[in-house]
Amino acid sequence: NAGVMQNPRHLVRRRGQEARLRCSPMKGHSHVYWYRQLPEEGLKFMVYLQKENIIDESGMPKERFSAEFPKEGPSILRIQQVVRGDSAAYFCASSPPGRALGEQYFGPGTRLTVT
Amino acid sequence: QQQVKQSPQSLIVQKGGISIINCAYENTAFDYFPWYQQFPGKGPALLIAIRPDVSEKKEGRFTISFNKSAKQFSLHIMDSQPGDSATYFCAAGLGPSGSRLTFGEGTQLTVNP
């Protein structure tokens with residue numbers, strides 16, 4: 001059973017460009033979460049999605065950031081007009097429906113560098 | 001009220017020793033407390049988790065101790081090994097009724113051979 005998959009693993013963008021980060025949850029998991037990790041810091045929650053629905057986006061910056069989890073295909077975190085401060089590791093996690101136990105399983109992350 | 005405070009920031013332990021990492025939380029609504037292990041360049045891996053209806057949970061060399069009244073919980077790594085050298089994060093969640101995890105700032109553990 002494959003784990004959470006993220007691509008690309010590394011992404012370099014120039015200021016002003018768009019960054020698209022993809023996440024495929026574990027098989028059977030219908031809940032996806034995105035977290036951001038700045039260097040030497042803990043993970044900060046960004047958004048929680050279920051298929052075709054954004055459940056909690058309270059951690060998302062108000063501008064330039066958006067996320068989706070379509071009926072088919074991976075979840076996508078989109079950052080428009082990137083700035084240097086967006087450089088970070090972005091992790092996706094997934095959990096099974098029901099979440100009776102609360103576990104979230106993380107992918108390997110996408111390391112975004114803005115030059 | 002959503003903060004989770006973790007200490008120490010870094011920890012050096014000799015092989016075979018006990019590593020202890022502490023976390024404190026404020027929001028009494030939290031009802032799920034996982035610990036994650038992260039190696040450089042990798043994603044966090046779920047290590048062990050506890051709910052507040054028990055005071056201790058043990059899995060192999062890893063033990064969580066939970067003190068509900070003090071709003072504190074800790075990770076104990078027995079017989080620490082060099083391969084345990086990693087960054088450890090505590091977290092707190094709201095269980096089925098809410099899904100975000102609030103993470104501590106992390107503890108960088110080094111186990112010397």
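Within every chain, numbering begins at 1; the chains are lettered A, B, ... in the order of the sequence lines, protein sequences first and strands thereafter. Just so you know, these numbers use all the heavy atoms, side chains as well, and skip hydrogens, waters and symmetry mates. In this text, all values refer to a predicted model and were calculated from it rather than measured experimentally.
Using a 4.0 Å cut-off between charged nitrogen and carboxylate oxygen, E56(B) and R51(B) do not count as a salt-bridge pair. Salt bridge status for E59(B) with K57(B): present, with a side-chain N to carboxylate O gap under 4.0 Å.
In terms of hydrophobic clustering, with Ile, Leu, Val, Met, Phe, Trp and Tyr side chains grouped at heavy-atom distances under 4.5 Å, Y90(A) and Y35(A) are assigned to different clusters.
Heavy-atom neighbours of chain A within the stretch residues 42-50 of chain B, taken at a separation under 4.5 angstrom, comprise K42(B), G43(B), P44(B), L46(B). Residues from residues 106-114 of chain A that place a non-hydrogen atom less than 4.5 Å from a non-hydrogen atom of chain B comprise F106(A), G107(A), P108(A), R111(A), given in numerical order. Residues of residues 63-78 of chain A lying under 4.5 angstrom from chain B, judged on non-hydrogen atoms, do not exist here.
No side-chain donor-acceptor contact under 3.5 Å links R22(A) to the backbone of P8(A). R61(B) contributes no side-chain N or O that, together with a main-chain N or O of I77(B), makes up a donor-acceptor pair within less than 3.5 Å. With S85(B) contributing its side chain and V111(B) its backbone, the two residues share a donor-acceptor pair below 3.5 Å. Using modelled atom types, no side-chain atom of N53(A) and backbone atom of I55(A) make a donor-acceptor pair closer than 3.5 Å. For the pair Q6(B) (side chain) and Y88(B) (backbone), a donor-acceptor distance under 3.5 Å is present.
Enclosure of atom CD in Q81(A) is not indicated, since only 12 or fewer non-hydrogen atoms of other residues, nucleotides or ligands lie within 6.0 angstrom.
No part of Q6(A) comes within reach of chain B, as not one of its non-hydrogen atoms sits under 4.5 angstrom from that chain. For a residue to count as touching a neighbouring chain, one of its non-hydrogen atoms must lie under 4.5 Å from one of that chain's; by this rule Q38(B) touches chain A with the side chain only.
Sorted by first and then second residue, the disulfide (SG to SG under 2.5 Å) pairs with a member in residues 19-63 of chain B read C23(B)-C90(B); sequence neighbours excluded.
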Worked verdict on Y48(A) versus R100(B) for side-chain contact (heavy atoms from CB on, under 4.5 Å): CA-CA 7 Å; Y48(A) 161 43; R100(B) 58 160 54 189; over 6 Å; no
Side chain to side chain donor-acceptor pair (under 3.5 Å) evaluation trace for T110(B) with N112(B): CA-CA 6 Å; T110(B) 301; N112(B) 288 328; over 6 Å; no
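Ring-plane geometry between F103(B) and Y36(B) is classed as tilted, the angle between the planes lying from 30 to 60 degrees on a 0 to 90 degree scale.
To the nearest 0.5 Å, atom CD of residue Q37(B) and atom CH2 of residue W35(B) are 12.0 Å apart.
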